[in-house]
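First listed ligand is number 1; within each ligand, the first listed atom is number 1. Each residue takes its place number in the sequence, starting with 1. Side chains included, hydrogens not; waters and symmetry mates left out as well; all remaining heavy atoms used.
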Amino acid sequence: MFKATSVKAALGATESTDTILVNGWVRTRRDAKAFSFIEINDGSCLKNLQVIADAELPNYVDTVQQITTGAAVSVKGELVASKGGGQSWEVKATEVTLVGAADASYPLQKKGHSMEFLREIAHLRPRANLFGAVFRVRSRLSFAVHQFYQDRGFVHVHTPIVTASDCEGAGELFRVSTLDPANPPKTEDGAIDYGQDFFARPTYLTVSGQLEAEVFACALGNVYTFGPTFRAENSNTSRHASEFWMIEPEMAFTDLQGNMDLAEEFVKYLIADVLEHCADDLAIFGKFVDKGLLERLKFVLERPFQRVSYTEAMDIILASGREWETSVKWGENLQSEHERFLAEEHFKCPVTVYNYPKEIKPFYMRLNDDDKTVTAMDVLVPGIGEIVGGSQREERLDVLEANMDRHGLNKEEYKWYLDLRRYGSVPHSGFGLGFERMLMFVTGMANIRDVIPFARTPGNAEF
Ligand code: 4AD
Ligand code: MG
């Protein structure tokens with residue numbers, strides 16, 4: 001069979017070609033006097049390839065003129081320099097085959113659609129220019145993640161998706177169970193007996209691969225995970241998904257400083273990679289989604305991130321004299337409005353906030369000498385707020401055990417985790433970068449639902 005050429009390759013050709021085969025979906029078709037112009041797109045790039053189908057073609061009236069937006073076609077013809085403006089090459093068709101017709105009910109006709117409407121047709125929206133661009137950038141960004149760590153000698157670890165531990169201790173877990181919900185086995189005191197469940201214990205979808213990544217860092221040195229994570233957190237915001245992907249590096253013999261350095265280098269690397277490799281796709285975001293996008297990305301690349309302690313950040317927030325929707329004081333979590341104020345208005349650049357109060361952070365973070373704060377760090381970026389969350393881990397067995405007691409954790413269940421502190425314990429650090437939040441940052445897309453192929457959010461798991 002004759003091998004098809006992608007639209008991207010055809011448009012990037014250096015010379016004309018006698019015979020070329022191109023497959024794709026019709027974006028538009030319009031008739032001139034003696035021929036028909038068909039714009040086809042195959043998802044390989046943002047641009048369409050223009051096909052000129054001559055009225056002399058044997059199936060011109062029966063087929064070519066019946067082709068409508070959304071139809072799948074196969075075109076054989078000659079790749080020639082385009083006479084019209086706007087494209088370098090076009091195809092002069094010798095054969096047009098209608099592979100799959102689309103009728104007038106095809107929802108993606110040329111007119112613009114709202115993001116909400118496009119979410120309802122998540123099975124068709126990848127064929128819209130904007131979403132083709134989003135998902136090509138997503139693919140490139142994913143590749144760049146691996147390239148960044150592999151180039152630096154980090155080992156990729158596949159941490160489990162089903163787990164028995166709640167890493168973040170927030171209780172936002174999706175239970176994994178094969179018990180009959182209508183008739184679960186009970187213990188003597190009437191509770192559900194998860195001892196009889198599939199894994200003979202309560203299990204959940206993981207909220208983070210960190211604890212398992214720590215195991216591997218304490219053996220292989222520098223490691224990273226990149227996988228789906230799940231949170232049954234009932235927050236319906238533009239930045240929260242119930243299923244999202246996270247990249248979690250973990251480094252042995254590394255303190256908070258080294259951790260903050262890596263986070264900054266990583267975020268900048270991803271921006272630079274996308275600017276270099278996805279220029280066409282980024283241009284559409286700059287045009288239709290966020291006019292200041294390219295300028296902002298370049299600005300972020302060029303400057304060091306600000307670093308402030310939580311205490312300094314709180315002073316700045318309190319001194320701002322603003323009316324907040326949620327007021328805060330030392331010891332409380334920063335809300336998104338405070339995070340965005342720091343990054344967008346006060347510093348006007350990404351900010352790394354470190355040393356948070358121990359009460360508001362998980363059990364595994366290293367206690368500072370002040371006995372009040374832990375070595376947490378969050379990277380906050382304009383437009384989004386928190387994009388990275390991490391810490392140096394508590395490597396001292398006695399302090400970790402005290403932290404676990406304070407958090408009401410059962411030390412028996414974390415025996416394996418405590419063993420890391422029992423045998424050859426080392427200072428180690430890591431963080432999690434929310435992949436979708438990073439994608440929102442580089443594309444300017446305002447809602448996390450629009451950078452995931454099929455978003456899972458409270459009340460929503462269609463497709
Ligand atoms: O700050 P988080 O909860 O940190 C952890 O899970 C650590 N165990 C990571 C580590 O140290 N290895 O989550 C990390 C990042 C956040 O900064 C945010 O970018 C993203 O994950 N994130 C979410 N993204 C989308 N939807 C949600 N519901 C998210 N929750 C966190
Ligand atoms: Mg966090």
Side-chain angles (χ1 to χ4, degrees), residues 141 145 149 154 157 159 163 165-174 205-217 222-251 254 256 258-260 262-263 266-267 270 310 333-336 338-339 343 350-354 356-357 360-366 374-381 383-394 417 428-442 445 447-452 455-458 460:
L141 199 65
V145 164
Y149 288 109
F154 283 62
V157 180
T159 50
T163 152
S165 46
D166 179 7
C167 174
E168 295 306 293
E172 297 162 343
L173 301 160
F174 288 103
L205 295 178
T206 189
V207 296
S208 159
Q210 177 197 320
L211 303 185
E212 292 89 352
E214 282 185 56
V215 169
F216 274 76
N222 291 342
V223 302
Y224 70 105
T225 72
F226 184 7
T229 49
F230 306 85
R231 302 208 179 168
E233 178 185 10
N234 204 354
S235 39
N236 241 312
T237 80
S238 59
R239 298 167 306 109
H240 287 88
S242 315
E243 174 179 322
F244 62 98
W245 284 62
M246 187 154 52
I247 299 107
E248 297 183 272
E250 192 70 32
M251 299 172 287
T254 301
L256 183 68
N259 203 27
M260 294 196 285
L262 185 81
F266 181 38
V267 167
L270 294 181
Y310 167 91
N333 261 316
L334 300 181
Q335 302 298 315
S336 139
H338 311 118
E339 296 177 343
V351 192
T352 310
V353 181
Y354 59 91
Y356 283 71
I360 56 172
K361 290 292 180 184
F363 74 96
Y364 53 72
M365 294 188 178
R366 190 179 197 279
V374 287
T375 53
M377 63 110 178
D378 279 3
V379 177
L380 318 176
V381 297
I384 293 172
E386 180 190 339
I387 197 166
V388 163
S391 71
Q392 184 172 337
R393 320 307 187 188
E394 183 55 74
Y417 187 72
H428 61 287
S429 302
F431 61 82
L433 170 76
F435 186 60
E436 284 78 14
R437 294 214 184 150
M438 186 66 206
L439 201 52
M440 290 171 74
F441 189 61
V442 298
M445 297 291 283
N447 197 310
I448 196 163
R449 292 166 180 78
D450 299 327
V451 296
I452 310 184
R456 271 78 181 99
T457 51
N460 255 309

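- With respect to atom 28 (N) of ligand 1, the closest heavy atom belonging to the protein is Ala241 O, 3.0 Å.
- At a heavy-atom distance under 4.0 Å, no atom of Thr229 approaches ligand 1.
- Annotation: Ile387 places an N or O atom under 3.5 Å from an N or O atom of ligand 1; distance criterion only.
- Of all the listed residues (Glu386, His240, Glu250), Glu386 holds the heavy atom that lies closest to atom 16 (C) of ligand 1.
- Remark: Glu214 CD to Tyr364 OH distance equals 8.5 Å, nearest 0.5 Å.
- Of the protein's heavy atoms, Gly432 O, 3.6 Å lies nearest to atom 15 (C) of ligand 1.
- One distance of note links CD of Gln392 with CZ of Arg366; it measures 5.5 Å at 0.5 Å rounding.
- Contact atoms of ligand 1 toward Gly390: 11 (O) (distance under 4.0 Å to a heavy atom of the residue).
- The side chain of Tyr364, and not its backbone, has at least one atom closer than 4.0 Å to an atom of ligand 1 (non-hydrogen atoms only; side chain from C-beta on).
- The local environment of CG in Asn234 is sparse, with at most 12 non-hydrogen atoms from other residues, nucleotides or ligands closer than 6.0 Å.
- Taking the six-membered ring where tryptophan is involved, the planes of Trp245 and Phe226 are perpendicular, since the angle between them exceeds 60° and thus also 30°.
- Protein heavy atom nearest atom 9 (C) of ligand 1, with residue, atom name and distance: Glu248 OE2, 3.3 Å.
- Only the side chain of Arg393 comes within 4.0 Å of ligand 1, counting heavy atoms alone; its backbone N, CA, C and O stay farther away.
- Closest to atom 6 (O) of ligand 1 among all protein heavy atoms lies Arg231 NH2, 2.8 Å.
- In this structure, Glu394 CD and Thr375 OG1 are separated by 7.5 Å, a value rounded to the nearest 0.5 Å.
- Side-chain contact between Met251 and Phe154 is present, with heavy atoms from C-beta onward closer than 4.5 Å.
- Of the protein's heavy atoms, Arg437 NH1, 3.6 Å lies nearest to atom 18 (C) of ligand 1.
- By the 4.5 Å heavy-atom criterion applied to side chains, Arg231 and Phe244 are counted as neighbours.
- Using cut-offs of 30° and 60° for the angle between ring planes, the Tyr310 and Tyr356 rings count as tilted.
- Under 4.0 Å from ligand 1, the heavy atoms of Arg239 that appear belong solely to its backbone.
- Side chains of Val379 and Phe431 form no contact here, defined as non-hydrogen atoms less than 4.5 Å apart.
- In terms of protein heavy atoms, atom 20 (C) of ligand 1 is closest to Gly434 CA, 3.6 Å.
- Taking every non-hydrogen atom of Ile448 and a distance limit under 4.0 Å, the qualifying atoms of ligand 1 come out as 25 (C).
- At a heavy-atom cutoff of 4.0 Å, ligand 1 is contacted by the side chain of Phe244 but not by its backbone.
- Below 4.0 Å from some heavy atom of Glu233 lie the following atoms of ligand 1, by number and element: 28 (N).
- Atom OG1 of Thr206 sits about 7.5 Å away from atom CE of Met246, to the nearest 0.5 Å.
- Using a 4.5 Å heavy-atom threshold, the side chains of Val207 and Thr229 count as separate.
- Using a 4.5 Å heavy-atom cutoff, the side chains of Phe216 and Glu250 are not in contact.
- The shortest N or O to N or O distance between Val207 and ligand 1 is not below 3.5 Å.
- Close approach of ligand 1 to Glu168 (heavy-atom distance below 4.0 Å) involves ligand atoms 3 (O), 4 (O), 5 (C), 6 (O), 7 (C), 8 (N).
- Side-chain polar atoms of Thr237 and Ser235 form no donor-acceptor pair below 3.5 angstrom.
- The contact set between ligand 1 and Ser208, taken as ligand atoms under 4.0 Å from a residue heavy atom, comprises 6 (O), 8 (N).
- Residue contacts to the Mg ion (ligand 2): Glu386 brings an N, O or S atom closer than 2.8 Å.
- Distances below 4.0 Å separate heavy atoms of Val388 from the following atoms of ligand 1: 17 (O).
- Residue Met246 has at least one heavy-atom neighbour below 4.0 Å for each of these atoms of ligand 1: 6 (O), 13 (O), 14 (C), 15 (C), 21 (O).
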